[in-house]
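Computed from a predicted model, the values in this text were never measured in an experiment.
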Amino acid sequence: MESLPADGSRLPGWYKVSRKERIARIAERLGLAVEEVAAAVEGGGLSPDDADRMVEDVLGTYGLPFAVAPNFQINGRDVLVPMVIEEPSVVAAAANAARMVRDGGGFRVHTDPPHMVCQVQVFARDREAATARILAAKADLLARAAGVDPVLARLGGGPVDLEVRAIDGGPEGDGFLVVHLVVDVRDAMGANTVNTMGEAIAPVLEGLAGAPTGLRILSNLADRRKVRVEATVPLQSLRMEGFEAAQVRDGIVSASRFAELDPYRAATHNKGILNGTDAVILATGNDWRAVEAGAHAYAALGGRYRPLCTWRRQGDDLAGSLEMPMAVGIVGGATRVHPGARLALRIMEARSAADLASVAASAGMANNLAALKALATEGIQKGHMRLHARSRSLER
Ligand code: NAD
């Protein structure tokens with residue numbers, strides 16, 4: 001058995017050691033008892049009674065593979081990436097691509113502040129006058145919303161802005177207003193937080209507009225809370241059996257352009273990104289439907305569905321760039337309730353929602369790179385299934 005280093009995400013031979021050995025290594029690394037790690041990942045991690053408290057009408061729990069991908073380096077920090085996913089080859093592909101990116105200095109990530117938007121619909125007849133009255137009361141409205149969540153206020157978060165948009169059309173053709181309450185949700189995903197604030201200011205908005213309000217709920221198009229990832233893959237790291245490195249690079253760039261020009265291809269391209277992103281989101285007990293909704297809405301924002309990650313030649317090397325909304329949290333929801341989620345956050349050493357967003361987006365880029373490399377060379381079936389077969393054949 002190979003000996004794994006005590007730290008660093010380069011774990012040579014990680015896929016060769018037994019599952020029990022991997023658990024022992026993770027426990028050692030985190031300073032936890034082996035039994036504690038095993039309890040969080042074996043049998044789904046969640047007890048039926050906890051599941052019964054989490055949602056309604058529960059019979060039991062439903063298990064999925066919980067894996068850890070090595071090789072990631074993100075903003076100079078070595079990161080082990082927990083992934084929960086049912087699809088073979090995704091974890092191996094992520095690890096493989098992360099190693100290539102590592103050769104070029106790792107993933108470089110920038111995250112926006114954690115700003116989420118709550119929409120409150122207002123059926124104002126005189127939209128101009130109502131807009132003026134609402135904007136004049138902005139400070140009061142922000143204070144009213146802030147009062148709802150003293151915990152968030154203590155942490156330096158809370159409402160930061162309020163905007164009014166006019167929406168034309170609708171059933172009567174006379175349109176309505178939508179108030180956007182912008183909230184800094186700190187390390188939470190923030191849906192419950194902003195929904196509560198939206199409901200708190202709705203009666204005040206009704207008074208100001210002299211009109212009823214309609215829906216009061218967050219927008220999953222979290223385009224103020226984007227994550228951007230850049231990566232460089234040195235030419236020599238693209239070398240593979242039967243192909244020149246330059247051929248691989250140019251094939252990946254050509255595949256990227258295909259996705260940029262054709263929404264049919266872009267949908268599959270983005271699915272490949274979400275293979276990695278969703279696996280991290282799921283591992284940490286976050287709401288992957290929210291991330292999916294945000295990703296696709298953002299991809300279509302310009303009027304045509306486009307890829308969230310693109311690749312270009314940069315000198316001799318390959319350069320990737322990804323941008324997508326990422327509404328995730330390390331508190332709230334199931335993140336602290338599910339033992340597997342708590343373990344996943346510890347494994348990746350996420351100290352903030354931004355840390356988690358960086359890891360999820362980097363995993364997305366890694367899976368995109370791996371998929372494009374396979375597609376541009378030997379084909380996805382052969383390329384990815386080989387990675388999967390390699391780890392299966394060594395399993396004991
Ligand atoms: P939450 O309400 O469970 O937790 C957020 C609260 O935790 C904050 O309001 C704050 O009071 C407190 N908190 C403590 N420490 C904090 C910190 N460091 N940073 C920020 N807040 C801190 O959860 P949430 O994040 O508001 O909502 C997430 C849940 O909402 C998810 O389960 C999601 O599935 C669900 N949801 C989603 C949607 C949607 O996406 N459309 C709609 C409704 C609900």
Side-chain angles (χ1 to χ4, degrees), residues 5-11 14 26 29-30 68-83 91 93-115 156-157 184-189 222-234 237 273-281 283-284 286 291 294-295 298 308-312 314-315 317-331 335 343-370:
D7 54 22
S9 68
R10 274 296 280 138
L11 306 177
W14 180 239
I26 292 291
R29 203 182 160 102
L30 300 181
V68 170
N71 298 337
F72 278 79
Q73 194 173 69
I74 301 173
N75 289 344
R77 185 170 77 87
D78 269 35
V79 184
L80 291 179
V81 176
M83 302 178 86
V91 179
N96 211 270
R99 194 183 40 67
M100 290 189 274
V101 170
R102 188 185 184 90
D103 293 342
F107 298 90
R108 304 181 296 277
V109 186
H110 172 83
T111 51
D112 287 340
H115 288 179
D184 182 327
V185 296
R186 301 279 85 198
D187 289 320
M189 181 269 184
D223 60 351
R224 293 166 201 251
R225 200 181 186 181
K226 292 192 292 290
V227 53
R228 285 174 209 83
V229 188
E230 307 284 332
T232 309
V233 184
S237 302
I273 294 170
L274 291 161
N275 273 344
T277 300
D278 279 354
V280 175
I281 301 302
T284 58
N286 269 269
V291 172
Y298 187 65
L308 297 165
C309 183
T310 55
W311 297 89
R312 291 284 181 274
Q314 192 175 69
D317 300 334
L318 178 71
S321 174
L322 174 146
E323 184 174 85
M324 66 189 289
M326 193 64 77
V328 290
I330 60 162
V331 296
T335 58
L343 179 70
L345 289 168
R346 283 194 71 162
I347 290 173
M348 69 170 75
E349 297 176 289
R351 291 189 184 86
S352 64
D355 284 348
L356 168 56
S358 303
V359 175
S362 299
M365 179 185 256
N367 277 104
N368 181 236
L369 172 60

For the student: nearest non-hydrogen atoms of [X] and [Y], plus distance:
X	Y	value
V101	A231	CG1-CB, 3.7 Å
A353	G329	CB-CA, 4.2 Å
A94	A366	O-CB, 3.8 Å

Expected output: side-chain [X] to main-chain [Y] donor-acceptor under 3.5 Å:
X	Y	result
R102	D78	no
R225	V328	yes
N367	L274	no
T277	A360	yes
W311	N368	no
T232	G104	no

Intermediate values then yes/no, side-chain contact (heavy atoms from CB on, under 4.5 Å), W14 and V68
CA-CA 9 Å; W14 180 239; V68 170; 4.0 Å; yes
Quick one: pull up [atom1] in [X] and [atom2] in [Y] and give me the separation to the nearest 0.5 Å.
X	Y	atom1	atom2	answer
S362	I74	OG	CD1	3.5 Å
R77	M348	CZ	CE	9.0 Å
C309	E230	SG	CD	9.0 Å
D187	R351	CG	CZ	12.0 Å

With sequence neighbours excluded, what pairs up with A354 under the side chain to side chain contact (heavy atoms under 4.5 Å, CB included) test?
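With neighbours one apart ignored, the set is T111, S352.
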Under the criterion side-chain contact (heavy atoms from CB on, under 4.5 Å), I'd like the reasoning laid out for M324 against V227: C-alpha separation, chi angles, the key distance, then a yes or no.
CA-CA 6 Å; M324 66 189 289; V227 53; 4.1 Å; yes
Do R29 and L11 have side chains that get closer than 4.5 Å, going by heavy atoms?
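Heavy-atom side-chain distance check passes, below 4.5 Å.
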Between R10 and R99, is a side-chain contact (heavy atoms from CB on, under 4.5 Å) present by the stated rule, with each step listed?
CA-CA 8 Å; R10 274 296 280 138; R99 194 183 40 67; 3.7 Å; yes
Step-by-step side-chain contact (heavy atoms from CB on, under 4.5 Å) determination, D103 to V233:
CA-CA 7 Å; D103 293 342; V233 184; over 6 Å; no
